[in-house]
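The block underneath contains the structure these notes are about, expressed in C-alpha cells.
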Amino acid sequence: MDDVHPIERTPLRIGPYLADPPVVLAPMAGITNVAFRRLCREYGAGLYVCEMITTRALVERDPGTLHMITFDPSETPRSMQLYGVDPETMAAAVRMVVEENLADHIDMNFGCPMPKVTRRGGGAALPFKRKLFGDIVAAAVRTAEPAGIPVTVKFRIGIDDEHLTYLDAGRIAEAEGAVAVALHARTAAQRYSGQADWSAITRLKEAVHTIPVLGNGDIFSAADAVRMVEQTGCDGVVVGRGCLGRPWLFGELRAAFAGEPVGPGPNLGAVLLVLRRHAELLVDHYGPDKGIRDLRKHMAWYLHGFPVGSSLRQRFGLVRTMTELDELLGAVGELGHDEEFAVGAEGPRGRQGSPARVALPENWLDDPDDASVPAGAELMHSGG
Ligand SMILES: Cc1cc2nc3c(=O)[nH]c(=O)nc-3n(C[C@H](O)[C@H](O)[C@H](O)COP(=O)(O)O)c2cc1C
C-alpha cells in the first residue's frame with residue numbers, strides 16, 4: 001500500500017472549471033480517445049484531455065480528425081488539445097470550435113519532440129521563437145475568450161540543455177491570457193528518456209504568478225503525484241504513461257489527494273474486466289474491427305506484472321474480434337482471478353526511448369524574435 005498523506009492545497013481551477021482532484025489526464029495521441037477517457041473518468045474526477053488535434057486538419061474537415069473529436073455526452077468539460085504553428089490557422093480552428101460548439105476547454109501542444117515535427121519548427125521547437133509562440137497563444141485566447149472557453153498551454157523545458165524555453169513560454173502564455181500552463185519536465189532532446197527534472201516545475205511555479213502551473217513527467221503512482229505537488233508547489237499534475245493499462249490510477253489519485261489510503265491495485269480478475277470494458281468502449285467508438293485492433297497496443301500494459309505466459313500474451317497482441325478476446329480472457333481467467341497486482345508493475349511503463357539531437361530547420365536558433373510561420377510544420381493528420 002502506498003504511504004500517502006493528505007496535502008494542503010488550494011483547489012485547482014481551469015478557467016471556470018474546478019478540477020478536483022487536481023489531476024489531468026495527459027493528452028496522448030492514439031490513446032486518449034473518447035473510449036479511454038470514459039474508462040478513466042469512471043474511476044475519478046479531474047480533467048481528461050483528448051488526443052492532439054491538428055488545427056489544419058480540423059479546419060479542412062479531415063474526416064478522421066472530425067471523428068477524433070468525438071466526446072461522450074457525459075463528458076464535461078470537453079477538453080480538446082490543438083496543435084498548430086500558424087496563428088491564423090489556430091484562430092480558424094478555435095473559431096470552428098466556438099461556432100460549432102465542439103469543446104469547452106482548449107489545451108495547446110508545444111511539447112511534441114518528434115523529428116518530423118521539430119525538423120519543420122513545430123512542437124517543442126516552436127517556443128524558442130518567442131514572438132511566434134505568443135502570437136499563436138494570443139490567437140487562440142482572443143478567439144476562445146468571448147465564448148468563455150479557457151485556453152491552457154503545455155510545453156517542455158526546452159529544445160535541449162543549451163536552449164531552455166520554459167520560463168519564457170510560461171510568462172508569455174500567462175501574459176497572453178492562458179488560464180494555466182503545464183510543463184513536461186524534459187527537454188525535446190530527452191524525448192521520454194531519463195528522468196523528468198521536477199526542479200524545473202518549481203522554477204516555473206516561481207516565474208508564473210497569476211495562473212496555475214501543472215507538473216508533468218514520471219508520475220507512475222498516486223504517491224508520485226503527491227510527492228510532485230509537495231516538492232514543487234505545483235497546482236496540479238498531468239498524468240500520461242502511468243495510466244496506460246491502469247485507468248484505475250485515477251481512483252487512486254482521487255483517494256490520495258483526499259488524504260484517504262490507497263489500496264493495492266486490482267487483482268487479475270478485476271483487470272480482465274477493465275480490459276473487457278475498454279474493448280466495449282473502443283468498439284462503440286471505432287466499430288468492431290478497428291476497435292479491437294486499437295485495443296492491441298494496450299494489452300501488454302494491462303497484463304504487465306501478471307504471470308501470463310508469452311504465447312497467451314502474443315495472442316492478445318494479435319486479437320481480431322470480441323469473440324476471440326472473450327476466449328482469451330477466459331483462458332487467462334483460468335490461471336486464477338485472485339492473482340494480485342504486482343507492486344513492481346507500478347513502475348515506469350509506456351514510451352521511454354533514448355535521447356537524440358533535436359532536428360530543427362536550418363538557422364532556427366539564429367533569431368528567437370523571428371515570427372515567420374514555419375513552412376510545412378502543420379501536420380495534416382493528428383498524431384504524435
Ligand atoms: C503515446 C504518447 C502519446 C502522446 N501524445 C501527446 C499529444 O498528443 N499531445 C501532448 O501534448 N503530449 C503527448 N504526449 C506526452 C504526454 O502528454 C506527457 O507529456 C508525457 O508522456 C510525460 O508524462 P508522463 O511521464 O506522465 O507520461 C504523448 C505521450 C505518449 C507516451
Side-chain angles (χ1 to χ4, degrees), residues 23-33 36-37 40 46-55 57-58 65 68-69 79-85 105-114 116-118 122-127 136 151-157 166 169 173 178 180-188 190-198 200-201 204 214-225 227-229 232 234 236-247 249-250 252-253 294 296-298 300-301 346-353 379 381-384:
V23 172
V24 177
L25 165 64
M28 287 185 281
I31 307 283
T32 62
N33 49 39
F36 189 68
R37 295 195 307 275
C40 293
L47 191 66
Y48 297 82
V49 187
C50 84
E51 50 193 328
M52 100 183 187
I53 302 296
T54 298
T55 48
L58 185 65
T65 301
M68 284 171 97
I69 60 170
S79 174
M80 184 186 293
Q81 189 188 52
L82 293 178
Y83 165 92
V85 298
H105 160 236
I106 289 171
D107 183 46
M108 304 180 78
N109 178 357
F110 291 102
C112 184
M114 286 193 309
K116 73 172 178 186
V117 169
T118 58
L126 202 138
I136 300 170
V151 173
T152 56
V153 183
K154 179 168 178 281
F155 45 83
R156 288 189 178 231
I157 297 180
Y166 70 112
V181 288
L183 177 65
H184 177 190
R186 282 187 171 81
T187 61
Q190 280 181 285
R191 309 263 186 99
Y192 292 87
S193 69
Q195 256 192 321
D197 175 9
W198 289 4
I201 302 170
L204 182 61
L214 308 181
N216 173 229
D218 298 350
I219 291 176
F220 294 107
S221 69
D224 287 344
R227 199 160 48 81
M228 180 190 275
V229 170
T232 68
C234 66
V237 298
V238 182
V239 179
R241 293 165 299 165
C243 67
L244 296 173
R246 245 174 105 207
L249 179 60
F250 289 95
E252 299 180 357
L253 288 159
D294 195 74
R296 291 174 178 175
K297 63 173 97 129
H298 298 268
W301 295 320
E346 279 211 334
R349 46 178 61 212
R351 269 180 202 177
Q352 270 138 47
L379 299 172
H381 64 91
S382 303

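Just so you know, ligand 1 is whichever comes first in the structure, and atom 1 is the first atom listed for that ligand.
Contact between Gly217 and ligand 1 is present, with at least one heavy atom of the residue lying under 4.0 Å from the ligand. Look at Phe220 and you'll find every heavy atom at least 4.0 Å from all atoms of ligand 1.
When the heavy-atom distances from atom 12 (N) of ligand 1 to Lys297, Met114, Lys154, Gln81 are ranked, the shortest goes to Lys154.
Of all the atoms in ligand 1, the ones that sit under 4.0 Å from a non-hydrogen atom of Ala29 are 3 (C), 4 (C), 5 (N), 6 (C), 7 (C), 8 (O). Near Arg241, with a cut-off below 4.0 Å to any heavy atom, the atoms of ligand 1 are 21 (O), 24 (P), 25 (O), 26 (O), 27 (O), 31 (C). Within ligand 1, the atoms closer than 4.0 Å to a non-hydrogen atom of His184 are 19 (O), 20 (C), 22 (C), numbered from 1 in the order shown. For ligand 1, the atoms sitting less than 4.0 Å from at least one non-hydrogen atom of Ala26 are 17 (O), numbered in the order shown with element in parentheses.
Put simply, CD on Gln81 and NE2 on His105 are 9.0 Å apart, with the number rounded to the nearest 0.5 Å. Taken to the nearest 0.5 Å, the CZ atom of Arg246 stands 11.5 Å off from the SG atom of Cys40. The CG atom of Leu204 sits 5.0 Å away from atom CZ of Phe155, with the distance rounded to the nearest 0.5 Å. Summarising the geometry, atom NE2 belonging to His298 is positioned 7.5 Å from atom CG belonging to Leu244; distances are rounded to the nearest 0.5 Å. Between atom CG of residue Leu126 and atom CD1 of residue Ile136 there is a gap of 4.5 Å, rounded to the nearest 0.5 Å.
For a threshold of 3.5 Å applied to N or O pairs, the pair formed by Pro27 and ligand 1 contains at least one separation below that value. The shortest N/O to N/O separation between Ile219 and ligand 1 does not fall below 3.5 Å.
Contacts with ligand 1 closer than 4.0 Å are made by no heavy atom of Tyr83, backbone or side chain.
Side-chain N or O atoms of Thr32 include one that pairs as donor or acceptor with a backbone N or O of Glu51 at under 3.5 Å.
In this structure, Arg37 is not positioned above the aromatic face of Phe250 in the sense of NZ or CZ being under 6.0 Å from the six-membered ring centre and within 45° of the axis.
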